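Data block below; observations after.
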Amino acid sequence: MAWLRVVDALKAPAGSRVTVKGWLRTRRDSKADGGLSFLAVHDGSCFDPIQVVARAGLPNYASEVARLTTHCAVECSGEVVPSQGKKGGVEIAADEVRVLGSVEDPDSYPIQPKPHSFEYLREVAHLRVRTNTFGAVARVRHCLAMAIHRFFHERGFYYVHTPIITASDCEGAGQMFRVSTLDMLHCPRTPDGKGVDFAGDFFGKEAHLTVSGQLNVETYCMALSRVYTFGPTFRAENSNTSRHLAEFWMIEPEIAFADLAADAALAEEMLKFLFRTLLAERADDMAFFDERIEKGVVARLQGIIEKPFLRVPYTEGVRVLEEAIAKGKKFEFPVEWGKDLQSEHERFLTEEHYRQPVILTNYPKGIKAFYMRLDDLDAMEACARDGRAAPASLHKAPPGQRQTVSAMDVLVPGIGEIIGGSQREERLERLDARIDEMNLPKHEYWWYRDLRRYGTVPHAGFGLGFERLILFCTGMQNIRDVIPFPRAPKQAEF
RNA sequence: GCCCCGAUAGCUCAAUGGCAGAGCGAGCGGCUGUUAACCGCUAGGUUCUAGGUUCGACCCCUAGUCGGGGCGCCA
C-alpha cells in the first residue's frame, strides 16, 4: 500500500489504497453505523488534514483508536473514498490504524484542541509548530526563502556566503555580540591595564557576530556583478518591539553598474515576485491567514502586485508631513528636514497619505551611513529641477547642510520600513571624506577602500528583513511568531 | 534603554481585606457521518518569588523575576 503525504492523499482518486503517517489534530466519535471515529490527520505537507474514518470493528478500536487525543502519532491505511460529510472531498476508510506514539497525559499536554494565545505558544515553541497557525507560518517561510533564491538565480545573481563572524569593527550598523574564547573571569589586560588584551584571543583581535553582510558582499559584486547574501544577522541592541529580533535573517543583493533607480526597481520587482509566488504556491495557508489572522491580507498582496510603487524623495515626504501637520495632524515627534523620520511619520505616509508601498529616496547626508553615495544636487536644487515645492524646514537649513545621499527606504503599510538600501559611494576621495567626517577608523576599512582604488564602478544594494517580509505577507503581528526559535532580550530558550 | 499593563486550574479569565470560581480543554457516560459539534457528571489550585502590613492577604506595601503593549534604536 502506497505511503502518501497528506497533500497527495487528498488528491488521490477514489478507490486507491493508501497509507498516511502523521499526527492527530482532533478525534470526533459517532455511534452511528455501529460506532466510528473521525480522525483528522496532518503531516505538515499542506494546511488541511485528511479525515480518516475508523470503524468500531477495527481490532484495536476500543483499546487504542477511541482513546486517541490531539497530537498522537498514527499510521493509517485504507481506501480513499468520497466523504459522506457535509464538507465533501475525500477521506480514508481505514482498515488499519497503528498508534506510533501516544500523548502521555492529555490533560496537561500544552497544546489542546482550542484557541491558544500566541504569547502562551511562545513558551512552548518546541510544540507550537503543530498548530494550524505555526504550521502555516513555517510553510510560508520556506516558500518565501525558496522564492528568494529562485528570483536571484533566474536573474543571474550569485549566492555568496558572507561570514557570520567578523573581526573588523567597522560594520557600524548597530550593537554587536562579541565572539571570544577568553576566560571571562581572568581576562588578559592591555599594558596600560585599562582594557582587555584581545591579542591572545582566538582571532588575535576583537571579533563579533555580523550585523550585515553588505561590506563583504560588495567585494564579490566587484567581480561577479550581481550577487546576494541570505543569512543570519545579529544585533545586540536592547530592542523590545514586535518588529525586532536579536537574531534575524536578511537578504542583501548588490548590483554593479547600477544606480539608485536600478536598486529601487530591483527591490520592487523582487517584492512583487515574492508575493506572486506566495499566493500561487501557498494558497491554502494564505486563505487561512486571510480568514483567521488578518482579513484582507490576500487582497492587499494582490493589489500591491498590480500597481507600481511610488518613488518619493525624502524632501517631498517632509513637505507632505508638514502639510498634514498644518491641517491638524498630530505627531508625537516633530518633523524637520535633516532629521530622521520616526515610525509614526513613515506609517502616516504609507498607510494614510499614499495608502500603498512607497520608496522614499535621497535622505539627508547627516542621518545616513558613510558608504552611501553623495548626490550631485542638494535638496533645494533637486526640488527646483523637479518643479517641487520645498518644505518650510528645508528653507531654514543652512545651504551647506542640504546635501543628500542616494539612499532609499521601502515603506509598506502595517510594517513601516521593510527594506533599506542605497547606491554606494564608489569615489575614493568622497568615501574618505565621509569616513573622516564621521571619525571612523580609516585603517579598518582598508580592504573596503581598495575596491575604490582598483576598478571601481557605480553599484548599489539593499537589505530586506526576512521576518518583516513574513509579517507583511501573513498579517502576523509579532516578529517572534514568524521565526522558529526567536532570540530577543532575555529570550533564548529552546 | 524609557513609559504603561499583567502573572490565580492544562489554557483564557473572574473573585477589590473575610469559604478561590466560570468557560474552554481533559476523564467518564449519553446523543449524533462528525467538522471550532451538542447534553450530563467528575477530577483538577504552593493564587510568580522573597519579605512586610493585618486578627485575617489572590486582594494593600517593598524588592525581584518573567510576560505583553507602546516608544526609542533598526531590517
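In this text, all values refer to a predicted model and were calculated from it rather than measured experimentally. Below, chain A is the first sequence line, B the second, and so on; all start at residue 1.
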Can you list the stems that RNA chain B is part of, where a stem is at least 3 pairs in a row, each Watson-Crick or G-U, with both distances below 3.5 Å?
B:1-7 with B:65-71, B:10-13 with B:21-24, B:26-30 with B:38-42, B:48-52 with B:60-64
Taking all heavy atoms of A:G22 and all of A:D43, pick out the closest pair and write down the distance.
CA-CB, 4.2 Å
Which residues, if any, of residues 98-113 of chain A bring a heavy atom under 4.0 Å of RNA chain B?
A:P106, A:D107, A:S108, A:Q112, A:P113
Would you check if A:F38 stacks with the base of B:G33, given a 5.5 Å centroid limit and a 30° plane limit, both strict?
no
Any side-chain donor-acceptor pair under 3.5 Å between A:Y109 and A:E104?
no
Does A:S239 contact B:G72 through a side-chain donor or acceptor facing the base, at a distance under 3.5 Å?
yes
Stretch residues 340-361 of chain A: residues that reach within less than 4.0 Å of RNA chain B through a heavy atom:
A:Q342, A:S343
Answer yes when A:E344 and A:R347 have at least one side-chain N-carboxylate O distance shorter than 4.0 Å, and no when they do not.
no
For the C1' atoms, the ones on B:A75 and on B:U35, what distance do you get once it is rounded to whole angstrom?
42 Å
Would you compute the distance between atom CD1 of A:I293 and atom CE of A:M286 and round it to the nearest 0.5 angstrom?
11.0 Å
Please give, in whole Å, the distance from B:U12 P to A:L121 CG?
9 Å
Test: A:R150 cationic atom under 6.0 Å from A:F273 six-membered ring centre, within 45° of axis
no
Report yes or no: is the cationic atom of A:R300 (NZ for Lys, CZ for Arg) closer than 6.0 Å to the six-membered ring centre of A:F472, at no more than 45° off its axis?
yes
Within this structure, what is the CD1-to-P distance between A:I367 and B:C73, rounded to whole angstrom?
10 Å
Lys NZ or Arg CZ of A:K329 over A:F331 ring: under 6.0 Å, within 45°
yes
Could you measure between the two P atoms, the one in B:A20 and the one in B:G72, and give it in whole Å?
47 Å
Could you go through A:E252 and A:Y228, starting from their C-alpha distance and side-chain angles, then the distance that decides it, and tell me whether this counts as side chain to side chain donor-acceptor pair (under 3.5 Å)?
CA-CA 5 Å; A:E252 296 176 286; A:Y228 72 104; over 6 Å; no
